[in-house]
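Just the heavy atoms: all of them, side chains too, but no hydrogens, waters or symmetry mates, feed the values below. Labels below follow one simple rule: chain letters A, B, ... track the order of the sequence lines, proteins then strands, and each chain is numbered from 1.
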Amino acid sequence: MTLYRTHTCGELNINNNGEDVLLSGWINKKRNHGNLLFVDLRDTYGITQCVIDNKNNLFKKIEKIPLETVAQFQGRVVTREKDTINKELKSGEIEIKITNFKILGKTKELPLPVFSDQEYSEEIRLKYRFLDLRRSKIHENINLRSKVISFIRKEMEGFGFLEYQTPILTSSSPEGARDFLVPSRLNPGKFYALPQAPQQFKQLIMVSGFDKYFQIAPCFRDEDARADRSPGEFYQLDIEMSFVEQKDVFTVVEKLLNNIFKKFSSKKILNEKFPQITFSDSMLKYGSDKPDLRNPLEICDLTEIFSRTDVKFEIFKKLVKEGSLVRAIVTKKTKNKPRSFFDNIDRWAKEEGSNGLAYLTFENEENKISGKGPIGKFFSSDACKEIMKKSKAENGDSIFFSCGNKKDVEKLLSLARDKIARDLDLIDENIFAFCWIVDYPMYEIDEKSGQIKFSHNPFSMPQGDLNKLNLNKPLDIKAYQYDIVCNGVELSSGAIRNHIPELMYKLFAIAGYNKQSVDEKFSGMINALSYGAPPHGGIAPGIDRIIMLLAGEKNIREITMFPLNQNAQDLMMNAPSNVEDNRLKELNINIIKKK
RNA sequence: GGGGGUGUAGCUCAGUUGGUUAGAGCGAUCGCCUGUCACGCGAUAGGUCGCGGGUUCGAGUCCCGUCACUCCCGCCA
């Protein structure tokens, strides 16, 4: 009971029959019958129908109240007649007979209707986010987010982790994404950076002797947006543990994610013990390091087939001779699919910028296997049998080939796996398919410069006997680096860290950083590691993406209360904005005007 | 930085081959209606067809440019 209400709009039911109550909320909807007026009053807890007839002299005033006005209604709870019960509402068995009312907050004419299932442009939704957030779907999503985060905190504390906060103003790091920079007034010409992740801090927390760290950590990266990637800021469940190896991290995170997804979704978890797939296997079988394991299609390598003399498909044979490879996807029992099914996929592949996908179907005619389709005639029966053996295809199955360099083939077939599976409706939307991707290479070749660079986190521990590590073959070195993927979404990335400074210097040297530059750029951490650092490791699941999966949303703005738009602007608050010249002067900053 | 999509009433959209006065639903305003819950019925107001230029007797429609939003590629250790 407050000045404004005795109950919320979601809690009254048949047990309150006869009570005098006071409700406050927004006018969700009015239904005016001239002599009888229904008003749906809404708050975050629900909707309660209030009713008044024209014998009451308040009728004339209440019928004029615009939708989304904040109002207070006083009245008596009455049960509804049987045939007027609304089963859609928690309060649907009762209604409030209005005896008095008060306007608490007026509204101007609405730029977007709140009570509607219509879709609205992002522009209007973001500009009037406070109205958009009143709408039920996104309102629920935001509350889901709150509950999930609260649950995560309880779980982590249950696992013995403590939440420690780390700085928001820190130093710029040379690796990785662009930093957001913050000029320092007290240190003219120098800049702070917002943390891309609390990576170094969480390791420093371990060196400081705190054993199990977690944080719902804001992360800032000045990179371009995607539907599932906010520009600017996002949140990670940042985790770090001392005295652990990879499997110890896996145990904690599998338990946590199983608990979260079971509690907040009715969808089935395909494997509660997450399968572990090596990076190289994943790239071969799925063409990607974030495979959607709901999709049963797999990719296989058939390059060798195209060196056979009884294969006459000259375009591919020529490319293979020049170093291209051929990989393929088999679709089961697609013998009777119409020509358009195959041609659509080929056309789609061309639209993706490739040379298309060659295809054929295996058929058995007079006890002889042969390839049907435009390129079927180029393959002998024996060659077909060999392809079927290698690709595990059977009579009546079809196969789509892609030929090109490794990267292009992987990329196209990764997309094709998804495209074909959707065309054939092979993906069960009611499951969560988690997996670990493990054994990432420590280094890769930078395509532009041709130089060796860290493929992921430079602070990861290389695998194998550290005394026998062959630093001359850096591309062969694997790291204790791992990702979690769920339904094709990269959920998190983590590693066992390198806590040995001498080894760190050697590994950085391979990527072109001498000791001096490592000392300079990672001074905080490299110094700390020299004073008794425990073996440690961790991971950082993305909070936003977890919520997206739970809410079944494809766009991160649907689960973010006040998101930036794709151009990293806040249309409601007008950020970023110009600042006054004297503020810039104070910061020793000049704006260079573009022509 | 590059490519695709969209832009018409407050909101969501339709608008034919370039042809009369640009329409609908919701919302707003006014009127009618006693059991609705997407209430119903009638009327009224509401338009720089994103913006600029061009082609044409004539442009919402075609062309060029530009802006905004969005999706993708690059980017995101």
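- Within 4.0 Å (heavy atoms only), A:N567 reaches sugar-phosphate atoms of the nucleic acid but no base atom.
- Remark: the A:Q236 side chain and the A:R545 side chain contain no N/O donor-acceptor pair separated by less than 3.5 Å.
- Rounded to the nearest Å, the gap between the P atom of B:G18 and that of B:G4 is 23 Å.
- A:K64 comes within contact range of the sugar-phosphate backbone alone, with a heavy-atom separation under 4.0 Å but no base atom that close.
- Separating the C1' atom of B:A22 from that of B:G15 is a span of 8 Å, rounded to the nearest Å.
- Between B:C71 and A:R229, no contact under 4.0 Å exists linking OP1 or OP2 to a side-chain N or O.
- Listed candidates were B:A28, B:A77, B:U70. Nearest to the side chain of A:N555 is B:U70.
- As judged by a 4.0 angstrom heavy-atom cut-off over every strand, A:S493 is placed among residues making no nucleic acid contact.
- Not a single donor-acceptor pair, N or O on each side, falls under 3.5 Å between the base of B:G35 and the side chain of A:D83.
- Checking each of A:Q203, A:R497, A:K202 against A:H536 for a side-chain hydrogen bond (donor to acceptor under 3.5 Å, both in side chains) leaves exactly one that passes, namely A:Q203.
- With rounding to whole Å, A:I445 atom CD1 is found 17 Å from B:A77 atom C1'.
- Set against B:U36, B:C69, B:C73, the side chain of A:K411 has B:C73 as its closest nucleotide.
- Between the side chain of A:R221 and the base of B:C76, no donor-acceptor pair under 3.5 Å is found.
- As rounded to the nearest Å, B:U6 and B:G60 have C1' atoms that lie 15 Å from one another.
- When the side-chain nitrogen and oxygen atoms of A:Q49 are compared with OP1 and OP2 of B:U36, none of them lie within a distance under 4.0 Å.
- Using a 4.0 Å heavy-atom criterion, one finds that A:N565 contacts the sugar-phosphate atoms exclusively.
- Taking the P atom of each, B:G47 and B:A24 are spaced 15 Å apart, rounded to whole Å.
- Looking at the side chain of A:R226, the nearest of the listed nucleotides B:G31, B:G74, B:C69 is B:G74.
- Here B:A77 is the nucleotide among B:C69, B:C37, B:A77 with the atom lying nearest to any side-chain atom of A:N457.
- Position along RNA chain B of the nearest nucleotide to A:G34 versus A:K29 favours A:G34 as the more 5'-ward residue.
- Taking the ring axis of A:Y505 as reference, the NZ or CZ atom of A:K515 stays within 45° of it and closer than 6.0 Å to the ring centre.
- Between the P atoms of B:G25 and B:U44, the separation comes to 13 Å (whole Å).
- Following rounding to the nearest Å, A:D408 (CG) and B:C73 (C1') show an atom-to-atom distance of 13 Å.
- Across all strands shown, B:C41 forms a Watson-Crick or G-U wobble pair with B:G31, both key distances being under 3.5 Å.
- Stacking between A:H33 and B:C39 is present: the aromatic ring centre lies within less than 5.5 angstrom of the base six-membered ring centre, and the two planes differ by under 30 degrees.
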Base contacts versus sugar-phosphate-only contacts with protein, heavy atoms under 4.0 Å: please encode nucleotides 5-14 of chain B as B, S and - from 5' to 3'. -----SSS--
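- A salt bridge links A:E429 to A:R422: one of the charged nitrogens lies within less than 4.0 Å of a carboxylate oxygen.
- By the 30° and 60° cut-offs, the orientation of the rings of A:F279 relative to A:Y440 is tilted.
- The base of B:G35 is paired with the side chain of A:E95 by a donor and an acceptor separated by under 3.5 Å.
- Taking atom NZ on A:K521 and atom P on B:A77, their separation rounds to 17 Å, with Å as the unit.
- Rounding to whole angstrom units, CG of residue A:L67 and C1' of B:C37 are separated by 14 Å.
- Under the Watson-Crick and G-U wobble criteria, each requiring two contacts below 3.5 Å, nucleotide B:G7 is paired to B:C67.
- Salt-bridge annotation for A:R134 and A:E68: present, with a side-chain N of the basic residue lying under 4.0 Å from a carboxylate O of the acidic one.
- Here, B:C72 and B:C30 have their P atoms 45 Å apart, quoted to the whole Å.
- Rounded to a whole Å, the CG atom of A:D40 is 11 Å from the P atom of B:C37.
- Taking atom P in both B:C73 and B:U66, one finds a spacing of 25 Å when rounded to whole Å.
- Here A:R31 does not reach the OP1 or OP2 of B:U36: none of its side-chain N or O atoms lies under 4.0 Å away.
- Taking the six-membered ring for Trp and thresholds of 30 and 60 degrees, A:W436 and A:F250 have nearly parallel ring planes, at less than 30 degrees apart.
- The separation of B:U56 from B:U12, taken at their P atoms, amounts to 37 Å, rounded to a whole angstrom.
- In this structure, the CD1 atom of A:I94 is 18 Å from the P atom of B:C37, given to the nearest Å.
- Taking a pair to require two hydrogen-bonding distances under 3.5 Å in either a Watson-Crick or a G-U wobble arrangement, B:C75 remains unpaired.
- Comparing atom distances between the A:F115 side chain and each of B:A38, B:C72, B:U36 picks out B:A38 as nearest.
- Look at A:K97 and A:D53 and you find no salt bridge, because none of the NZ, NE, NH1 or NH2 atoms lies under 4.0 Å from a carboxylate O.
- In this entry the distance linking CG of A:D222 with P of B:G74 reads 18 Å, nearest Å.
- Between A:N32 and B:G40, a side-chain N or O to OP1/OP2 separation shorter than 4.0 Å is absent.
- In this structure, A:Y513 and A:F522 have perpendicular ring planes: the angle between them is above 60°, well past the 30° mark.
- Note: CG (A:N86) to C1' (B:A38) measures 12 Å, nearest angstrom.
- A distance-only check finds no donor-acceptor pair linking the side chain of A:T69 to the backbone of A:A71 [under 3.5 Å].
- When atom types are taken as modelled, the side chain of A:H7 and the backbone of A:L12 share no donor-acceptor pair closer than 3.5 angstrom.
- Relative to the side chain of A:E122, the nucleotides B:C69, B:G35, B:G1 differ in distance, and B:C69 lies closest.
- Note on A:R557: only backbone sugar-phosphate atoms sit closer than 4.0 angstrom, heavy atoms only; bases stay farther off.
- Remark: the A:R80 side chain and the B:U36 base include a donor-acceptor N/O pair separated by less than 3.5 Å.
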